[in-house]
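Letters A, B, ... are given to chains in the order of the sequence lines, protein chains preceding strands, and every chain is numbered from 1.
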Amino acid sequence: MAAPDELFCWEGDWGLPSVSTDCLVVLAYAQFAGAPLKLRKICNPWRSPSGSLPALKTNQKETLSRPADIIIHLRKQKFNADYDLSAKEGADSLAFISLMEEKLTPALIYTFWVEPKNYVDVTRRWYAEHMTFPLNFFLPGRMQSRQLEKLRLLRGDESLEAGEELEKELYCDAAECMNLLSQRLGSQKFFFGDSPSSLDAYVFGHLAPILKCKLPNGKLQQHLKSLDNLTNFCSDILLLYFPRDGRESSGPKAPPQPDGGDFDNVPNKRRKQLLSALVALGAMLSYALLTGMVSILHVQQGALEEPPDLEPIESHQHEEQGGS
Amino acid sequence: MSLAAEAFVSQLAAAEPWPENATLYQPLKEDQILLSDHASSLAVQAYLRMCGLPVQVLCRVNSEFMSPSGKIPFIHVGNQVVSELGPIVQFTKAKGHSLSDGLDDVQRAEMKAYMELVNNMLLTAELYIQWCDDATAAEISRPRYSSPYSWPLSKILAYQKQWEVRRKMNAIGWGGKTLQQVYEDVSQCCQALSQRLGMQPYFFNKQPTELDALVFGHLFTILTTRLTSSELAERVKSYSNLLSFCRRIEQTYFEDKSS
């Protein structure tokens, strides 16, 4: 209990504390339970101890990466947001979390990673802009193929591709799931009365990205916005538990977003300049080595030791190299 | 095409009454069918019996490949083929047979949520035990799954199936779980179901719904199937109200025909 656990998360944007659903779930739960975590918001999954985000590094040097495992760990540390729930309410939580995993997660994967326009215009661009130099070229693509693979396995269809039919099916399931959640929430502030629980964290994590991210194909967002109580539920949690992230976006960040992108790059610019200089230097050196600069070095060394009558041969070599 | 086609299909479905010769297809009961498939098949049979719709069960070795979604079971009604419990419930609803009409909105939301709980935890746990536990896979799942086929094909198909399930487990984050953790998940799921059921005869009091059919299909199959270890059944047996729930449905809907 001495040092706080360290939580590694994706960075936030669009007025959210993090862009990933799983990270949002964990962050929201930690806020609800008041767990003191040392938060590390990063944009490089390779710097996380488990290689994926979110990841919780406990003070016993364990690493947990599934949201459910992290929540169980926090619960064991006496940070329990579900303390007041009755057994039946606990059962209901489990059921609704399953409902979201089965019905909402596939649609989320589809809308952020598979729908071509959304992926190219928003998701890939966001990750490419936020990752550091060499990673931004291949990691977004690799993340996408992993998500597509996951969707294929979830649906049990090996050759699944983006398409109208699939989109309609997935969005239909997701819309039904949102309706059910909305009916369950009713006019309450949180799912089980006045204080938030783990179910609220899961619902928030799944719905907030849909609500806040402006996607070219925004059918899910349209549907969510038609359910007033769920929309208010998400914005209330943002306002109450993540006031800083909420304000950042609503205030100055929204308008200067396009040219703000250039300013964001300034800290990386130095590194990029340095890197490109290094690459250029490396290329020049290797070219020099390949074309035989090494032999000159040898000869120069030799020139100091050898008697002067070898001089003409050496200069001949110089000429040859110059010519070739 | 799809919207119009769907509307057309549901109109057709509504127009035709339930025929006498409806059939349900599943793999061979004695030698081939696996725990998870048997559970899904039993859930559909229980649902149709609760609706009072007659169906004849046919066992075919290749039913997995006959099914439109590749999943078991599927029913053949008139000139239509529908697979899995969810779509079958919608299909019967279009024909005017429904068990969940009496529920209000919140209850319906809860019913759907609990059905997904069963699919998400019990069904996944069954698949995990069948294909990811090496002892069970080698002694039961692979030999049974490939029993109708001769040598090279049997090996190929069985390992292909196992490979597919293991990849799915990795994708949903179950790949790193141990068998003990999976049993814990099953207990957690049963605990939730048991809490929800309480002392009522069915999940939503007097009338059975599709949730009751689904829970019965899975729990009854777990209780009556012999695996390499009896741990799974033991976990379910510690919830007495779930046991009497299974017995009640068996007596009410299956006794007259199966005995």
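Annotation: side chain to side chain donor-acceptor pair (under 3.5 Å) contacts involving residues 63-72 of chain A, sequence neighbours excluded, are absent.
Contact of A/Glu176 with chain B is made through the side chain alone, with heavy-atom distances under 4.5 Å. For B/Gln188, the parts lying under 4.5 angstrom from a heavy atom of chain A are both the backbone and the side chain. B/Met121 touches chain A through its side chain: at least one heavy atom from C-beta onward sits under 4.5 Å away, while N, CA, C and O do not.
Considering A/Thr21, A/Leu220, A/Val19 in turn, A/Thr21 is the only one that fulfils the side chain to side chain contact (heavy atoms under 4.5 Å, CB included) rule with A/Pro209.
A/Asp5 places a side-chain N or O within donor-acceptor distance of the main-chain N or O of A/Asn59, the cut-off being under 3.5 Å. Under the 3.5 Å distance criterion, the side-chain polar atoms of B/Gln32 are matched with a main-chain donor or acceptor of B/Val61.
When each of B/Lys112, B/Arg167, B/Arg196 is checked for heavy-atom pairs under 4.5 Å with chain A, B/Arg167 comes out on top. Across A/Arg146, A/Glu164, A/Lys88, the residue that shares the most heavy-atom pairs under 4.5 angstrom with chain B is A/Lys88. When B/Gly173, B/Ser69, B/Ala113, B/Ala109 are compared by the number of non-hydrogen pairs under 4.5 Å with chain A, B/Ala113 comes out ahead.
The closest side-chain heavy-atom distance from B/Leu197 to B/Tyr239 is not below 4.5 Å.
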